[in-house]
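Throughout, numbering of the chain's residues begins at 1 and tracks the sequence. Note that the structure is predicted; figures quoted are calculated from it, not measured.
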Amino acid sequence: MSEPLAPVRVAVTAAVVCVLIALSGLVIGVDLAVLALAAFAAAGAVARVVTPMGRAFAVRRRAIDVAVLAFLAIGLAFLGFTTPLA
């Protein structure tokens, strides 16, 4: 019975972590929060590659998910390293 709930649990956990990282920008600084979101997106891309199909979201193809998450991670990392936010 835990198999169908696994993607829901992953979705809720990912949403909570994204909100916590965004809120941490108030405490640790926006530049570090942007880099943390980039790292989280990169970790999501890696997780999407290695996660079995029954435990991951099955809305899109795996290649599309990995490409979008990798592009997001690269874009956020670029902005985090180059944009002066102070």
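Cluster partners of Phe71: none. The rule joins Ile, Leu, Val, Met, Phe, Trp and Tyr whenever side-chain heavy atoms lie under 4.5 Å apart, and it links nothing here.
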Solution key, residues 11-27 side-chain donor-acceptor pairs under 3.5 Å, sequence neighbours excluded:
unit_1: Thr13; atom_1: OG1; unit_2: Arg9; atom_2: O; d: 2.7
unit_1: Ser24; atom_1: OG; unit_2: Ile21; atom_2: O; d: 2.5

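The minimum heavy-atom distance between Arg60 and Asp65, with the atom names listed, is NE-OD1, 2.6 Å. A pairwise comparison of heavy atoms in Arg48 and Arg61 identifies NH2-C, 4.1 Å as the closest pair.
Residues passing the side chain to side chain contact (heavy atoms under 4.5 Å, CB included) test with Leu76 are Val34, Leu37, Ala38, Leu72, sequence neighbours excluded.
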